Number of protein chains: 2
Amino acid sequence: MPQKFVLLVTFLITFSANAQTAQQRVRQYRQANETALLDEYREFLSIPNVSADSVNIRKNASFILQMMKKRGISGMLLDGPTPGTTPAVFGEVRVPGAKKTIVFYAHYDGQPVNPKQWAGGLQPFVPVFITAPIEQGGTIVTTYKSGDPIDPTWRLAGRGSADDKAGVMTILNAYDALVKSKIPLTANLKFLFEGEEEVGSTHLGAIFDKHRDKLASDLWIIADGPRHVSGKPIVQFGVRGDVNMYLTVYGAKRPLHSGNYGNWAPNPAMRLVKLLASMKDDNDQVIIKGFYDDVVPLTVSEKQAMANVPNMEAALKKELGIAKPDGNGAPFVDLLMRPTLNINGIQSANVGAMAGNIIPTKAEAVLDLRLVRGNDVTRQMGRVVDHIRAQGYQVLDHEPTDAERQQYPKLIKIQTGVGYNAQRTPMDLPIAQEVIAAVQSASTEQIVLSPSSGGSLPLYLFEKVLKANVVSVPVVNYDNNQHAENENVKVQYLWEGIEILSAIMLIK
Amino acid sequence: MPQKFVLLVTFLITFSANAQTAQQRVRQYRQANETALLDEYREFLSIPNVSADSVNIRKNASFILQMMKKRGISGMLLDGPTPGTTPAVFGEVRVPGAKKTIVFYAHYDGQPVNPKQWAGGLQPFVPVFITAPIEQGGTIVTTYKSGDPIDPTWRLAGRGSADDKAGVMTILNAYDALVKSKIPLTANLKFLFEGEEEVGSTHLGAIFDKHRDKLASDLWIIADGPRHVSGKPIVQFGVRGDVNMYLTVYGAKRPLHSGNYGNWAPNPAMRLVKLLASMKDDNDQVIIKGFYDDVVPLTVSEKQAMANVPNMEAALKKELGIAKPDGNGAPFVDLLMRPTLNINGIQSANVGAMAGNIIPTKAEAVLDLRLVRGNDVTRQMGRVVDHIRAQGYQVLDHEPTDAERQQYPKLIKIQTGVGYNAQRTPMDLPIAQEVIAAVQSASTEQIVLSPSSGGSLPLYLFEKVLKANVVSVPVVNYDNNQHAENENVKVQYLWEGIEILSAIMLIK
């Protein structure tokens, strides 16, 4: 047996034995305190947390400071660059002799709510247990009162229950379980809970910049988003970047009778469809020059991890009503590692009963570009703009003037959103391997390793501003109605989240 | 000088001399009666005439019967196939010894109105004189009272003032002017005023069928629509046909996160744009197989007439803000003689502030196909459907079932509107030439001859059901805000309309 392998096995056995013991003790602590944990969590969920509701957002921040205080964590608010910025809540635990510092991140703000859309008697900020998702016939457990046994298959429903107060809850209780179970800490621990993630983390970079020293670490753990569709725990090492482009193509200044002008007046809808169609070939590949050029090839570890991701395509195709996915046969996970060009929406004049026999005055489309490691958001958008110019368009950043209309046969207005690059932490880093081992140690099944989520978060900020390694360890169930009505978290996922995160806290 | 030319010149001189005399007498009659003519017309315009308003529509029909009675025309209502159908108003004047029978058509119903959109103090059914179009700074002539001199450059504003009570007004007054001026009639005259043109002439075919004998004739004159953009009188010998197609392309059953599914889940907006883009080449030619195959070539007379149509392209390009029209350099009038494929509207998910980073569930487009002589509406739509099938689509007439979603990679729902074929009367027919000569005789400038309007009317019914020749002789100004707010007719155009139509009534 090669020595390297012997060492690895020894390490795994040792680690696993220690962690298992710790895990059992964490579990026992949780089992003894389920009512208290969920009473506190329900109180937390009953504080409205829509990002724009600055009064209630601060109540949430205060509640988290109290939670920290109860657990012996010295906490404080980290304010942003300008007065009135939603503060982040910061806490720190220093451990003598520790060699590593790990920061645990979650966000306490939530998406806007429309209470009318919540069904089955649910209200966004009146957290209740439900027997199953409302959409699958679940009902409120009306008989429940504090102190009753809690079925771990129940779900706790309310805005933020999954996205992402569950991160705050499981992080602070993972820490508390270790302390209360008298398991010695091995790393310095920090906690950062953001209050404006759902509005684009507008000030996160500035907060990082201002509190750079306080936030120094070896590793950030992001407890946000759902576990894998298969239900298995997942460790994600990156996210795609994202940016929107807003296109408007112009025709005549007023809507024209399609009979009196048909064949003569340019139709901006036809021009826009030809323009958009020119961006992809029939195999769904983007054919904009250089679109895939910057992509950094996947590493061996990344490829191997992807090969081990459970294949959910058959189930997804059935659920979603798709006979043949895009991508010319490439596996789902591979496709998420490539940049995208997606049409979010398109509109010109009207369809259905409101449609008229006209030639529209303009046609609009919104694109989103997802970016992967190697892509630069400005460069990638530039390629799209270059492609549009190559189709003969004069590119404007404003409505065309009369003079521009007379001068240029093809006019397009292009506006762009605030975008950011992808982030990916190499899976081969020793600390990445330690996270994998910790999460695996807390799970009875083979965990899923993903080099990158298909979705986007501004994790590039952690790399760029803090020079930090970032790894995502989501804790909640996949079917949590994130961002939508009837949001919920499965109780068992909270319990497992506490065990998984406490295992990571024991990295040496 | 060849004999044929001598004869033609003789004919023109003779005809012109007779008509000129009659025209002068018609003009004198009108000049002596302007107040009475416009008092009656204003009363007519104050009866609301939205097609769906069946109570008021019948008041309009009664008013027209009274107008006929005052002029000694025996009138009646022609009912449709089912009780409650909006009646057409019919009148007839038999002339002993007449060799020809001419029917004059107009419609008395109007487009829906939104009084809030009417500006400058205008109300749809309170007709008033205005000094110029409201959009060009015109104002109401508030000082006017019945009996005051009427400036012929004024406009009379109100729904139906141009489209198409002006047809009824000028037809009946042209007849009256001839009779009151004691000019001997030479043809049997009939009058048909329809009450549901603006809702698609739903029962016109059935009314024709039911009253076929009563409506027998040598010629129909359609007094509807505007004169040429140049302001010159126009004689139109045809219309394009028209039909709508409603397309819906399907993606996944629910909106998907564009990050978590981007590159994998088919995007119906991208599929629809590729499908629509495949229908035209970069020179704006439709590349659907056979799309132009059925087009009957233009005759020598038609080509010559088109060559003489005043070229308004430079003015139109300026007015509409178009640097380069479609059609690869072909003249405007030529392009109106070809079939079209036009996108009326397109929509998938949202654009602008409502756009989300999603992959939409469906994408919709509405097409209209304009048809020319030779095209058959069913065959032409069939070509579009065949083209769509050739792009790999399974064509449905319903929302896809789960089984269909599983079976077919590309699904499209296609629905079609009620369509009809083009109609074109050969310009070489002797009776067509007589109409041209009559209209020219009543005009001081070179009239415009158009083999076909770019727009559509169900004139094929006249050919198909009544085996009749049909020629359109529009009377109103081009800038009349037809179908829109602030509709108006220029008074001078009413006066000229009376002269033009009376000249046609004198065809022998």
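Protein chains get the first letters and strands the later ones, always in sequence-line order, with residue 1 at the start of each. It should be emphasised that the depicted structure is a prediction, and the values quoted were computed from it without experimental measurement.
Interface residue B:L256: only side-chain heavy atoms are found under 4.5 Å from chain A. For A:D334, no part lies under 4.5 angstrom from a heavy atom of chain B. For A:P339, the part sitting under 4.5 Å from any heavy atom of chain B is the backbone (N, CA, C, O) and nothing else. When heavy atoms are compared at a cutoff of 4.5 Å, B:N350 approaches chain A solely by way of its backbone atoms N, CA, C and O. Both the backbone and the side chain of A:A265 come within contact range of chain B, judged by heavy atoms closer than 4.5 Å. Using a 4.5 Å cut-off between heavy atoms, A:F332 touches chain B through backbone and side chain atoms alike. Proximity to chain B involves both the backbone and the side chain of A:E364, based on heavy atoms less than 4.5 angstrom apart. Of the two parts of B:Q406, the backbone and the side chain both hold a non-hydrogen atom closer than 4.5 Å to a non-hydrogen atom of chain A.
Considering only heavy-atom pairs separated by less than 4.5 Å from chain A, the leading option among B:R271, B:K324, B:Q347, B:R338 is B:Q347. For chain B, the option among A:D402, A:N244, A:V286 with the highest count of heavy-atom pairs below 4.5 Å is A:N244. For the options B:T340, B:N357, B:L335, B:L336, heavy-atom pairs under 4.5 Å to chain A are most numerous at B:N357. Residue with the most contacts toward chain A among B:P255, B:G251, B:G356: B:G356 (heavy-atom pairs, distance under 4.5 Å). Contact count against chain A (heavy-atom pairs under 4.5 Å) is highest for B:I358 among B:I359, B:I358, B:V366. Heavy-atom pairs under 4.5 Å with chain A were tallied for B:A252, B:G327, B:A365, B:A349; the largest tally goes to B:A252. Annotation: maximal heavy-atom pairing with chain A below 4.5 Å, among B:P268, B:G262, B:A269, occurs at B:G262. Taking chain B as the reference chain and counting heavy-atom pairs below 4.5 Å, the highest number among A:M354, A:R405, A:E404, A:Q285 is found for A:R405.
Between A:S258 atom OG and B:L341 atom CG the span is 11.0 Å, to the nearest 0.5 Å.
Each of B:N344, B:D326, B:N342, B:D284 was evaluated against A:N267; a single residue qualifies, B:N342, per the side-chain hydrogen bond (donor to acceptor under 3.5 Å, both in side chains) test.
For the pair B:Y261/A:I322, no side-chain contact is recorded, criterion being any heavy-atom separation below 4.5 Å from C-beta on.
Ion pair A:K253/B:E319 not flagged as a salt bridge, since none of the NZ, NE, NH1 or NH2 atoms sits closer than 4.0 Å to an Asp/Glu carboxylate oxygen.
Remark: A:N311 engages A:E313 in a side chain to side chain contact (heavy atoms under 4.5 Å, CB included) (not counting sequence neighbours). Residues passing the salt bridge (charged side-chain N to carboxylate O under 4.0 Å, His left out) test with B:E198, sequence neighbours excluded: none. Looking at residues two or more places apart in sequence or on another chain, you find a side chain to side chain contact (heavy atoms under 4.5 Å, CB included) between A:V333 and A:M306, A:V309, A:P331.
For residues 273-283 of chain B, heavy-atom neighbours of chain A at less than 4.5 Å comprise B:V273, B:K274, B:L276, B:A277, B:K280, B:D281, B:D282, sorted by residue number.
Across all their heavy atoms, B:Y246 and A:G352 have their closest contact at CE2-O, 4.2 Å. Shown here for B:N260 and A:S453, the closest heavy-atom pair between the two residues is OD1-OG, 4.2 Å.
Remark: B:K410 NZ is packed, more than 12 non-hydrogen atoms of other residues, nucleotides or ligands lying under 6.0 Å away.
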